[in-house]
There are 2 protein chains.
Amino acid sequence: MTKANIDISTEEKLKEAARVVFTRKGFAATTVRDIAAEANINLALVNYYFRSKEKLFDLIMAETIQKLFEKIRPIIYDETTSITEKIESIVDHYLELLIANPDFPLFIVNELLSGAKRLPIMTDNGKMFLNSYFVKQLGALRMEGKINFHPVNIIMNMIGMIIFPFLARPLLLKSGALGESEFRAIVEERKKLIPLWLTQITNL
Amino acid sequence: MTKANIDISTEEKLKEAARVVFTRKGFAATTVRDIAAEANINLALVNYYFRSKEKLFDLIMAETIQKLFEKIRPIIYDETTSITEKIESIVDHYLELLIANPDFPLFIVNELLSGAKRLPIMTDNGKMFLNSYFVKQLGALRMEGKINFHPVNIIMNMIGMIIFPFLARPLLLKSGALGESEFRAIVEERKKLIPLWLTQITNL
DNA sequence: AATTGACTTAAACAAATGTTTAAAACAAAA
DNA sequence: TTTTGTTTTAAACATTTGTTTAAGTCAATT
């Protein structure tokens, strides 16, 4: 057994440290030295294992997006569930994930700004979303005359309502408008409310 | 008349260029040379006029936030208008502003990530929002039993629904899911829909 | 015309940052 | 034990980046 096999640590530690720092500060504001320090590992090893700061970032970004969508895909491609059931499922899964990683939305949005280069990973998954059975169901909703607006609005509202609290989180906490526990309570409350609101909106 | 009075250009040109570049790339990813180049003005003049990159950013940030809230304040402190009227007003003003500056939400959100130092300007205005008559009206809504959830949810939903399309914009455009004109059409559509949806949600 | 004071420029500086190098440490194989 | 290939380390390198400097330009004032 070579050292490479025993030692899951170094490479994995670096990735984990990079994930933490990139998420907290964004790509541009993060230095390779930050990552090395966070991992308590020699600076040169970042380039040794990942060749460059950019490659490391791309790797983490790809993995994160991947993890994100592979949870959603089975839900939105399920042809046996109703719109309402899908919404409940998506909201629940998404919010659970965000409760565990509260600054993840800021991370993504931050990279939307600067990283036009790194977009393909996301656009591909975005298309995957737009081609889903869920979107077809929403389209049918319009055909049936139940809604009189572009179905993409429903998706926008859903994701918007899911992620907004997490975008506003630093503002809400630092301003003292909410405490950590109140924030958590509101998010928990929204888990049930968002699907309710969405059905009201779509007249279901 | 000194040169300082004639020449509104240099300082103002730099500020405008800085606004453009900061908005496009965020604080960390923007270099002073980027700004100078965008303005076609000598590098040293950035520090000559604004002392530092950070001071320049703070100035622009403060002005932008200021401009943003001074439009909203009279609306949300108006004691003569109903909740519905306020919502219509806010949505309309906000969306108009965002149509003119589509990457403004990304800019703000981007700085929420890194700039814990630059938050005070925003938290102050956040408090201004939370102390408004609008929020009191929403609170009353709960007292009357018309809604059975924390009123802050309505604000979250409103802002979330307003800004989300602009956060997703680069993704939607680059992925080809929407064209520029379709995006514009959807936003225009939402101008009327969002208030409608919000009244459905609040049982008004 | 000479002077003043604000503005502009090109060059330089110091610090920070991504990356590379060359040697050392180390564990497994021969 | 010696050898081999991988991993780790400290130092160095080349750029980039924010900032400063010192000289130059220019218009108004004296």
Side-chain angles (χ1 to χ4, degrees), chain A residues 1-62 110-111 113-118, chain B residues 1-62 110-111 113-118:
Chain A
M1 193 183 258
T2 80
K3 202 176 181 185
N5 291 334
I6 303 171
D7 216 343
I8 322 163
S9 41
T10 303
E11 186 171 352
E12 207 54 41
K13 264 196 221 163
L14 277 174
K15 264 168 64 174
E16 183 50 31
R19 199 183 339 267
V20 169
V21 184
F22 278 139
T23 301
R24 192 170 56 223
K25 312 178 45 167
F27 178 79
T30 296
T31 77
V32 179
R33 284 168 180 80
D34 287 339
I35 298 171
E38 172 78 24
N40 257 319
I41 279 175
N42 186 285
L43 167 68
L45 290 180
V46 176
N47 284 300
Y48 176 76
Y49 280 108
F50 307 101
R51 306 195 50 90
S52 76
K53 174 190 171 188
E54 187 140 357
K55 290 239 173 63
L56 172 55
F57 181 86
D58 287 345
L59 181 70
I60 289 174
M61 183 63 127
N110 185 42
E111 298 315 322
L113 183 72
S114 43
K117 307 165 283 183
R118 286 180 280 278
Chain B
M1 195 183 256
T2 80
K3 205 176 181 186
N5 291 334
I6 304 171
D7 216 344
I8 320 167
S9 41
T10 302
E11 186 170 353
E12 207 54 42
K13 264 196 223 163
L14 277 175
K15 263 168 67 173
E16 184 49 31
R19 199 182 339 267
V20 169
V21 184
F22 278 139
T23 301
R24 193 169 56 222
K25 312 178 45 166
F27 178 79
T30 295
T31 76
V32 179
R33 284 168 180 80
D34 287 339
I35 298 170
E38 172 79 25
N40 258 319
I41 279 175
N42 187 284
L43 167 67
L45 291 181
V46 176
N47 283 303
Y48 176 77
Y49 281 107
F50 307 100
R51 305 195 48 90
S52 77
K53 174 191 171 187
E54 187 140 358
K55 291 239 172 64
L56 171 55
F57 180 86
D58 287 346
L59 181 71
I60 289 174
M61 182 64 127
N110 186 42
E111 298 314 323
L113 184 71
S114 46
K117 308 165 282 183
R118 286 179 278 279

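In the text below, chain A, chain B and the rest are named by the order of the sequence lines, each starting its count at 1.
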Measure the distance from [atom1] on [X] to [atom2] on [N] and round it to the nearest whole Å.
X	N	atom1	atom2	answer
B/Glu11	C/dC7	CD	P	9 Å
A/Ile35	C/dA16	CD1	C1'	15 Å
A/Leu45	C/dA25	CG	P	16 Å
B/Asn42	C/dA6	CG	P	19 Å
B/Lys13	C/dT8	NZ	C1'	12 Å
B/Glu12	C/dC7	CD	P	14 Å

Please report the interatomic distance OG(B/Ser52) to CG(B/Leu59), rounded to the nearest 0.5 Å.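 Interatomic distance, B/Ser52 OG to B/Leu59 CG, rounded to 0.5 Å: 10.5 Å.
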Could you give the distance from CZ (B/Arg19) to CD (B/Glu12), rounded to the nearest 0.5 Å?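 Going from CZ on B/Arg19 over to CD on B/Glu12, the span is 7.0 Å.
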Listing request: all salt bridge (charged side-chain N to carboxylate O under 4.0 Å, His left out) pairs with a residue in residues 31-41 of chain B, at least two apart in sequence or in separate chains.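 Listed once each, the pairs are B/Arg24-B/Glu38, B/Lys25-B/Asp34.
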List in chain and number order the residues that pass side-chain hydrogen bond (donor to acceptor under 3.5 Å, both in side chains) with B/Lys15, two or more places apart in sequence or in another chain; answer none if no residue qualifies.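 B/Glu63.
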Quick one: is B/Thr10 getting a side-chain N or O under 4.0 Å of the C/dC7 phosphate, OP1 or OP2?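 Indeed not, no polar side-chain atom of B/Thr10 lies that close.
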As a test of understanding, state which of B/Ile35, B/Thr10, B/Val46 forms a side chain to side chain contact (heavy atoms under 4.5 Å, CB included) with B/Ile41.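 Of the listed options, the one satisfying the test is B/Thr10.
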Which protein N or O atoms sit under 3.5 Å from an N or O of nucleotides 17-21 of chain D?
| from | atom 1 | to | atom 2 | distance (Å) |
| --- | --- | --- | --- | --- |
| D/dG18 | OP1 | B/Thr30 | O | 3.4 |
| D/dG18 | OP1 | B/Lys53 | NZ | 2.9 |
| D/dG18 | OP2 | B/Val32 | N | 2.7 |
| D/dG18 | N7 | B/Arg33 | NH1 | 2.9 |
| D/dG18 | O6 | B/Arg33 | NH2 | 2.9 |
| D/dT19 | OP2 | B/Asn47 | OD1 | 3.3 |
| D/dT19 | OP2 | B/Lys53 | N | 2.8 |

With a 4.5 Å cut-off on side-chain heavy atoms, are B/Met61 and B/Phe22 touching?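 Not touching, per the 4.5 Å side-chain cut-off.
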My understanding is that only residues two or more places apart in sequence, or in another chain, count here; which of them pass side-chain contact (heavy atoms from CB on, under 4.5 Å) with B/Arg51?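 side-chain contact (heavy atoms from CB on, under 4.5 Å) check on B/Arg51 returns B/Lys55.
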Describe, in one word, how the ring planes of A/Phe57 and A/Phe27 are oriented to each other, choosing from parallel (under 30°), tilted (30 to 60°) and perpendicular (over 60°).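 Perpendicular.
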Net bend of the helix from C/dA1-D/dT30 to C/dA30-D/dT1, end axes of five pairs each, nearest 10 degrees: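 Axis-to-axis angle, ends of the helix: 20°.
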